[in-house]
Amino acid sequence: MFRLRDGKRSVVGQGLRAEVERGAIGSFAGRVGAFFAANQGGPRIVMGALPFDRSEPDYLFQPETFRTGDGRESEGQPISLPDAVRCAITPAPAPSAYRDAVAACLEMIAVSAGEAGPLTKVVLSRSLELSSTHDFDATGLLRALARDPSVTVFSTLLPAGADAARPLLVGATPELLVSKKGGEVVSHPLAGSARRYADPAADRDSAATLETSEKDRREHQAVVDAVFDALSPYCSELEAPEGTTLRSTASMWHLGTRIVGKLKDTETPVAELAGALHPTPAVCGLPRERAAGVIGQLEGYDRGFYAGAVGWADEKGDGEWYVSIRSARLAGRRATLYAGAGIVAGSDPVGETDETSAKFVALLSALGIDEHGRPLRERAA
């Protein structure tokens with residue numbers, strides 16, 4: 001029903017005891033508080049997902065049971081699909097259309113350069129629509145994704161829709177939106193990415209190029225500044241003790257900055273902090289409202305809960321929320337995979353398209369297929 005796990009700890013919710021009244025993110029904290037006041041039974045925790053669009057309703061629920069663990073589970077393996085299974089993949093949009101969208105976005109950024117409050121960054125995404133001859137195995141996918149100890153894997157129930165099967169959001173995110181425990185708040189934004197390579201020399205070169213890239217450094221600093229701006233009103237102290245560092249997953253290099261603060265009011269709920277931060281420029285852009293408008297104009301599909309957040313909050317106001325990137329929406333024999341790239345002045349349409357392809361690798365590899373739906377074992381042969 002709900003799982004959130006890194007290499008150190010896990011949070012598991014089973015069953016569905018009650019649903020929190022659905023609403024937009026602006027009322028997130030208030031609705032969570034009202035839920036606990038009105039519902040005295042069951043675990044004192046709610047969990048679920050926030051959509052990318054702040055105006056769309058979230059989906060939060062109280063589980064029947066709740067437990068935490070140390071995060072140590074047996075390593076997963078890539079899902080071994082039966083020989084009879086075939087998976088058709090339809091890009092949405094097609095790579096060529098995505099390149100055109102990036103080019104159009106770059107033109108918008110250039111035209112706005114002389115304006116007050118210019119458009120400086122837009123995160124454009126694309127998706128892969130998968131149709132299989134068998135139901136997708138969410139548990140097996142989660143196990144396979146967990147082979148990478150550098151990410152936080154997650155799975156959560158989504159609201160029922162037109163699908164024959166109840167949809168789930170499953171993924172492996174490297175990015176912490178916000179966590180709050182007592183008086184401490186932590187956020188770890190990522191922005192600026194590069195593909196990893198099996199060849200050690202090529203991998204080192206990729207990391208070094210990212211670390212010294214003026215374009216990626218500029219993109220990353222804009223995200224860090226936005227997080228500081230959002231959290232500063234809540235904090236008496238706020239700092240980035242390690243500065244900006246390289247962060248790696250199995251398939252990508254990222255620039256990351258861990259931000260730590262002390263709250264002025266220790267009773268400030270994590271739901272309020274998540275509401276202030278989401279969506280960050282790492283998944284939307286700057287200025288936020290203008291970038292969101294460009295996304296709606298150029299992407300051509302509804303992100304839903306992709307690039308939203310997944311997490312939990314307890315009655316005390318503590319909790320943690322992760323950015324729901326590197327994720328897939330599973331519903332029976334259908335799945336939708338998502339990946340995006342930050343577009344700023346100096347971006348290259350071909351390079352940004354390649355970046356999204358690289359970001360699909362973790363999910364596709366866990367499913368045992370490539371971007372064309374071909375089984376990896378057949379390609380290797």
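- Residues Cys105 and Val122 approach most closely at SG-CB, 3.5 Å, considering heavy atoms.
- No side-chain heavy atom of Tyr306 sits less than 4.5 Å from a side-chain heavy atom of Leu169.
- Listed for the Tyr98 side chain is a donor-acceptor partner under 3.5 Å among the backbone atoms of Leu124.
- Follow the hydrophobic side-chain contacts under 4.5 Å out from Leu246 and you never reach Ile259; the two are in separate clusters.
- Other residues, nucleotides and ligands contribute over 12 non-hydrogen atoms within 6.0 Å of the CD atom of Gln297.
- Between the side chain of Ser232 and the backbone N or O of Phe228, at least one donor-acceptor pair lies under 3.5 Å.
- Each of Lys180, Lys181, Arg9 was compared with Glu320 under the salt bridge (charged side-chain N to carboxylate O under 4.0 Å, His left out) criterion, and only Arg9 meets it.
- By the 4.0 Å N-to-carboxylate-O rule, Lys215 lies close enough to Glu352 to be salt-bridged with it.
- Ring planes of Phe61 and Phe2: perpendicular class, angle over 60° (limits at 30 and 60°).
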TODO: For Thr133 and Arg333, run side chain to side chain contact (heavy atoms under 4.5 Å, CB included): C-alpha distance rounded to whole Å, both residues' side-chain angles, the deciding distance at 0.1 Å, then the answer.
DONE: CA-CA 7 Å; Thr133 54; Arg333 297 183 181 185; 5.5 Å; no
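- Remark: the backbone N or O of Asp354 is paired with a side-chain donor or acceptor of Arg195 at under 3.5 angstrom.
- Side-chain heavy atoms closer than 4.5 Å link hydrophobic residues (I, L, V, M, F, W, Y) into clusters, and following such links, even through other members, never connects Phe52 to Val310.
- More than 12 heavy atoms of other residues, nucleotides or ligands sit less than 6.0 Å from atom CD of Glu214.
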Open item on the list: Using side chain to side chain contact (heavy atoms under 4.5 Å, CB included), reason through Glu19 and Tyr59 one step at a time and then give a plain yes or no.
Closed with: CA-CA 8 Å; Glu19 294 179 327; Tyr59 184 71; 2.5 Å; yes
